[in-house]
Number of protein chains: 2
Amino acid sequence: MFEVLFAHIEGKIHLTDQEKERIKPLFISRKLRRRQYLLQAEEICTHLTFVTKGLLRSYNVDDKGNEHINQFAWEGWWISDFYSFLTQEKAIFNIDAIEETEVLMISLQNYEELTVQVPAMDRYFRILYQNSLVTKDRRLMSSTTHTAEEKYLQFAKRYAQILQRIPQHLIASYLGLAPETISRIRRKWVSKEAI
Amino acid sequence: MFEVLFAHIEGKIHLTDQEKERIKPLFISRKLRRRQYLLQAEEICTHLTFVTKGLLRSYNVDDKGNEHINQFAWEGWWISDFYSFLTQEKAIFNIDAIEETEVLMISLQNYEELTVQVPAMDRYFRILYQNSLVTKDRRLMSSTTHTAEEKYLQFAKRYAQILQRIPQHLIASYLGLAPETISRIRRKWVSKEAI
DNA sequence: GCCGTCTCTTGATTTCAGACAAGAAAAAAC
DNA sequence: GTTTTTTCTTGTCTGAAATCAAGAGACGGC
């Protein structure tokens with residue numbers, strides 16, 4: 001479990017063995033079955049979650065009952081309702097498992113403790129969030145600038161290896177498209193590639 | 001100039017006078033006229049910019065020549081092409097001044113130096129980026145979940161005091177709407193409020 | 001191995017907001 | 001204070017993608 005987390009952290013900063021031992025007890029581990037909730041809207045998001053195995057999604061449900069996927073998280077990704085976690089107010093996102101999943105979780109208190117005990121973790125999260133911001137900026141730009149087709153093709157290209165693991169209607173939901181639209185885009189490209 | 005920056009930093013962490021003196025020389029200050037560019041697409045984004053007075057926007061231009069505003073930044077906000085800044089590759093965003101503006105700017109080298117000289121700045125940026133992520137998540141959710149009307153009303157409510165400072169067609173561009181759509185939404189509400 | 005649920009496809013129809021056009025009002029420049 | 005530019009409004013038409021509908025295929029659970 002922790003190998004995946006430490007590998008991720010050490011991709012950004014250096015950790016001593018001593019620091020690793022200080023980090024471990026601040027996390028709890030958990031397994032999730034397919035379709036199992038990690039968080040439901042209206043609850044408080046008590047933990048920040050790091051995926052060591054499997055695949056999760058976060059999504060919100062609008063007034064009409066439609067689901068809108070906000071994020072996928074597989075091995076090496078963090079996920080949470082960040083607003084709810086930081087403020088300890090009610091969550092607006094649901095998080096559940098698309099596959100059997102294993103996670104490491106840290107509470108708000110331990111998250112604060114973590115950066116006190118291991119100050120370099122402030123830097124780790126600073127760098128992690130920096131990169132997330134770049135990704136979100138790009139995604140936001142894509143959502144207003146690109147057509148349905150461009151959005152799907154960009155996603156398919158960027159996340160090629162994860163593509164088979166996620167049902168198409170969930171990708172549609174992530175991109176803000178109807179599942180039928182994705183189906184039509186794919187048909188078009190299958191026939192093009194056959195030429 | 002620096003009062004605005006230090007006030008912002010001290011909203012998140014504590015700074016000693018000594019630390020402030022170490023921070024100052026890492027920044028340069030600059031004034032911008034209305035419509036003046038701070039960054040153009042295809043250039044390298046060399047500095048992270050903090051606005052002490054005035055109003056900036058970042059935007060990208062699509063294949064058809066349409067502008068899409070990515071962010072507004074007024075007093076107390078940071079702005080940049082973050083991807084370009086971090087990687088020193090070509091920028092995709094333009095940044096220019098909507099009003100006469102005064103800024104403080106820090107180069108990538110000094111940004112790295114800053115967190116070495118004043119480690120608490122890792123924490124400041126970690127918290128700053130944390131909050132930005134929450135905002136971007138909400139905005140992303142709004143862009144797929146809400147109708148044109150909901151998007152505008154939410155923006156108008158949230159940024160009520162800044163609303164008069166930004167021309168409507170720029171708000172439209174920020175929200176991914178046509179200016180005419182905003183005009184129609186406002187007409188509807190003006191007549192409703194008159195009842 | 002069979003049943004039920006989940007996932008994907010295809011066609012027909014509708015709709016929301018975008019594009020285009022043109023003029024009015026307001027602000028900035030000179 | 002007049003001209004020029006910018007900003008906002010209103011009307012009409014169009015289009016990309018959503019919605020509605022229905023069936024086929026794949027997968028998972030028992």
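Just so we're on the same page: letters track the sequence lines, and every chain starts at 1. Just so it is clear, the structure is predicted and the values come from calculations on it, not from any experiment.
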For this session: In sequence, state the C-alpha distance, the side-chain angles, and the governing distance for B:Phe125 and A:Phe125, and then conclude on ring-ring contact (aromatic ring centres under 6.0 Å, His included).
Result: CA-CA 9 Å; B:Phe125 284 113; A:Phe125 284 113; over 10 Å; no

Exercise. Can you find a heavy atom in the side chain of B:Phe2 that is under 4.5 Å from one in the side chain of B:Thr52?
Worked result: no

Problem set entry | Residues B:Glu43 and B:Lys90 bridged, charged N to O under 4.0 Å | no

Seminar exercise, completed: If each end axis of the helix from C:dG1-D:dC30 to C:dC30-D:dG1 is fitted on five C1' pair positions, the angle between them, to 10 degrees, is 70°

Exercise. What residues, two or more places apart in sequence or in another chain, satisfy side-chain contact (heavy atoms from CB on, under 4.5 Å) together with B:Ala7?
Worked result: none

Seminar exercise, completed: Cluster membership besides B:Ile92, Ile/Leu/Val/Met/Phe/Trp/Tyr side chains within less than 4.5 angstrom, sorted by chain and number, is A:Met141, B:Phe93

Exercise. Nucleotide range of DNA chain D contacted by chain B, 5' to 3', under 4.0 Å to a heavy atom?
Worked result: D:dT7 to D:dT12

Problem set entry | Partner set under ring-ring contact (aromatic ring centres under 6.0 Å, His included) for A:Phe50, not counting sequence neighbours | A:His8, A:Trp78

Problem set entry | Verdict with supporting geometry, A:Glu75 and A:Arg165, salt bridge (Lys or Arg N to Asp or Glu O under 4.0 Å) | CA-CA 12 Å; A:Glu75 299 81 17; A:Arg165 281 169 69 180; 3.1 Å; yes

For this session: Could you encode protein contacts along nucleotides 7-22 of chain C as a string, one character per nucleotide from 5' to 3', using B for base contact, S for sugar-phosphate-only contact and - for no contact, with a heavy-atom cut-off of under 4.0 Å?
Result: SSBBBB----SSBBB-

Problem set entry | B:Arg186 and B:Glu149 ion-paired at < 4.0 Å | no

Problem set entry | Option from A:Arg34, A:Arg35, A:Arg57 for which salt bridge (Lys or Arg N to Asp or Glu O under 4.0 Å) with A:Asp96 holds | A:Arg57

Exercise. Between B:Lys20 and B:Glu10, is there a salt bridge with N-O shorter than 4.0 Å?
Worked result: yes

